[in-house]
**Student:** 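Sharing a structure with you now.
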Amino acid sequence: CGSTDDPADKKTQSALTETPSRQKGMYIVSTLRELPACTVDAEQNIVYFVTETKDFYYCDTDGQQQKLDLTGPKGADGTDGTDGTDGNNGKDGNNGTAGTNGTNGNNGTDGNPGPQGPAGSGGGSGSTALRGKGTQVDTLGVVGRFPTYAVGANGVKHALSQDSSFGDLRYSSCASNCSAAASWTTTTVISTNIVGSYTGMVVSSTAIHATYYDESSLDLQYATCTLSTGCNIASNWTSVSIDTTGDVGKYSSLVLNDTTLAVSYYDNSNQDLKFASCYTGCTTASNWTIASVDTTNNVGSYSSLAVNASGYAIGYYDTTAADFKVALCTTNCTTASNWTLTTVEPGPFDVGKHSSLIAVSGVLHAIYRDIGSSSLKYATCSSSCSTASNWTMVSIESTPDSGLVHAIVSYNGTLYVAQGNNTTGALYVGSCTGSCTTASNWSYVTLPSPLGTQGSPGTGMGAGNLFIGTRTLS
């Protein structure tokens, strides 16, 4: 319709409504009073979206504004649930427990995931293959942008994403049989302003915690819901602005450190990497403490926050130098001077975009994109990680145009990487057990469309299964 997912395009479309000569396409206005008068000869093929009422209007052949009835097309989207036929692949997983797939899997090192383990011992070789299946969780409108995913208590799956049709934050959950779309419940939980991009999420034993970017107010937002109240009810969610100074909140990454919430994010106004934390009462803005971690160059995009016993680590991209950097802090991390900044891999070959960082038993593991060599890089460090020479790096995958979006997770000593291909729409899942700085120790499976992604895939691990949430291209 002439619009894109890019927040800057939405601002441009809004500004075009004030221009006398309009071309065909869609334009956004705030209230009905802002709808421009129609002219018979110039307003054909123009649609206006009114954010106040969330309705569409167009000019008819008589030069009158008419409300566009979208009821019909919305019903048609419901029939797209036919993708549920992919659910049959779940039954193939059950065959694995019978041991029949133990000798047939190409990726023997991946035999650790839960239900596959018994199959390996029964087959005598312990060789099992990663297998995947896709389920379309939310299909109402243009949905699933900026997905983030977590597994909570008792294996319950939780997902957050943006509804790009209306700029809302949507929440989905599933307790069992999650390869069936009907097992998922989805609700719009935050609909004030254009929200829900650059989401981060953690699930504690009692609550869901989320951060996201408010594209209308240009703020970093925090939202939470107590699990016992039912988080598929929008009124059970509470939100607050964490940081309102300038244009802040993109690339948020949220972790829970014992009982303290911490988030890293990008300050677009000052082009800085920022960090905020809250110990208690986090729906009160004044309980959040904020620090600018790195203020040299244009830094902080693609931030990824990890926590372990020694403190916090943030992986991020230095746009000016085209470097991949890591910031480390062990105590009083809302004081900027307590952070140590390290260039893990320098440019000028453009490394560090789409980074994902985790900490496992005190060891840092990171993946990021190397644009210069068109490859996905893996880097790790076990001690004194503020010294660049203590990091070891390797290219682990080099399929053209793959690895543009990805995430990393660990389970039972095995690292898993999820990355999408923006050309083919396929999703690659890689795994490594042992010495992962040796490229040949990584193995991959390709999960075809509709699992292909736009926006970073979210990952979670529970009950021996790897769960990946993405936005499909279809």
Side-chain angles (χ1 to χ4, degrees), residues 90 93-94 96-97 101-102 105-121 126-134 147-159 174-176 178-179 201-205 253-257 304-309 313 315 355-367 376 378-382 396-397 406-420 427-438 441-447 451 456-470:
N94 293 331
T97 62
N101 291 332
N106 292 324
N107 299 327
T109 58
D110 295 332
N112 288 324
Q116 300 287 348
S121 60
S127 175
T128 59
L130 278 172
R131 289 170 295 168
K133 63 177 303 178
T148 186
Y149 197 73
V151 181
N154 300 320
V156 176
K157 289 83 180 174
H158 307 269
C174 173
S176 62
C178 297
S179 60
M201 177 174 61
V202 292
V203 179
S204 70
S205 60
S253 179
L254 182 67
V255 298
L256 182 62
N257 183 8
S304 181
L305 177 62
V307 61
N308 60 22
S355 62
S356 181
L357 177 71
I358 59 173
V360 182
S361 300
V363 179
L364 293 176
H365 305 270
I367 56 171
L376 181 66
Y378 165 74
T380 185
C381 175
S382 59
I396 60 174
E397 201 278 330
H406 44 252
I408 186 170
V409 68
S410 173
Y411 178 74
N412 272 2
T414 297
L415 292 175
Y416 296 91
V417 172
Q419 54 178 321
L427 181 70
Y428 301 102
V429 178
S431 64
C432 173
T433 302
S435 179
C436 295
T437 53
T438 300
N441 288 338
W442 287 86
S443 57
Y444 285 85
V445 294
T446 301
L447 308 182
L451 292 177
S456 297
T459 59
M461 181 66 70
N465 294 315
L466 174 66
F467 303 102
I468 305 171
T470 70

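The figures here come from the full heavy-atom set of this structure, side chains too, leaving out hydrogens, waters and symmetry mates.
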**Student:** Might you point out which heavy atoms bring Met201 and His158 nearest each other, and give the distance in Å?
**Tutor:**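 The answer is CE-O, 3.3 Å.
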**Student:** Say you draw a straight line from OG of Ser356 to CG of Leu305; how long is it, rounded to the nearest 0.5 Å?
**Tutor:**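 If we round to the nearest 0.5 Å, Ser356:OG and Leu305:CG are 11.0 Å apart.
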**Student:** Taking side chain to side chain contact (heavy atoms under 4.5 Å, CB included) as the test, write out the residues that go with Cys436, two or more places apart.
**Tutor:**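 Once residues adjacent in sequence are excluded, the partners of Cys436 under the side chain to side chain contact (heavy atoms under 4.5 Å, CB included) criterion are Tyr378, Leu415, Cys432, Trp442.
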**Student:** Of all heavy-atom pairs between Ser410 and Val360, which one has the smallest distance, and what is that distance?
**Tutor:**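 Here Ser410 and Val360 meet closest at CB-CG2, 3.6 Å.
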**Student:** If you look at every heavy atom in Gly315 and Leu357, which pair is closest and at what distance?
**Tutor:** N-CD2, 3.5 Å
**Student:** Sort out for me which residue in Val363, Leu364, Ile367 forms a side-chain contact (heavy atoms from CB on, under 4.5 Å) with Thr380.
**Tutor:**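 It is Val363; the other options fail the test.
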**Student:** What residues, two or more places apart in sequence or in another chain, satisfy side chain to side chain contact (heavy atoms under 4.5 Å, CB included) together with Thr438?
**Tutor:** Ser435, Ser440, Asn441
**Student:** Looking only at heavy atoms, which two atoms of Lys157 and Cys178 are closest? And how far apart?
**Tutor:** CD-SG, 3.6 Å
**Student:** Taking side chain to side chain contact (heavy atoms under 4.5 Å, CB included) as the definition, give me every residue that meets it alongside Val202, ordered by chain and number, with sequence neighbours left out.
**Tutor:** His209, Leu254, Leu256, Leu261
**Student:** For Ser304 and Ser355, which heavy atoms make the closest approach, and how far apart are they?
**Tutor:**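 Between these two residues, the closest heavy atoms are CB-O, 3.8 Å.
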**Student:** Looking at Ala359 and Val307, what are the two nearest heavy atoms and their distance?
**Tutor:** CB-O, 3.9 Å
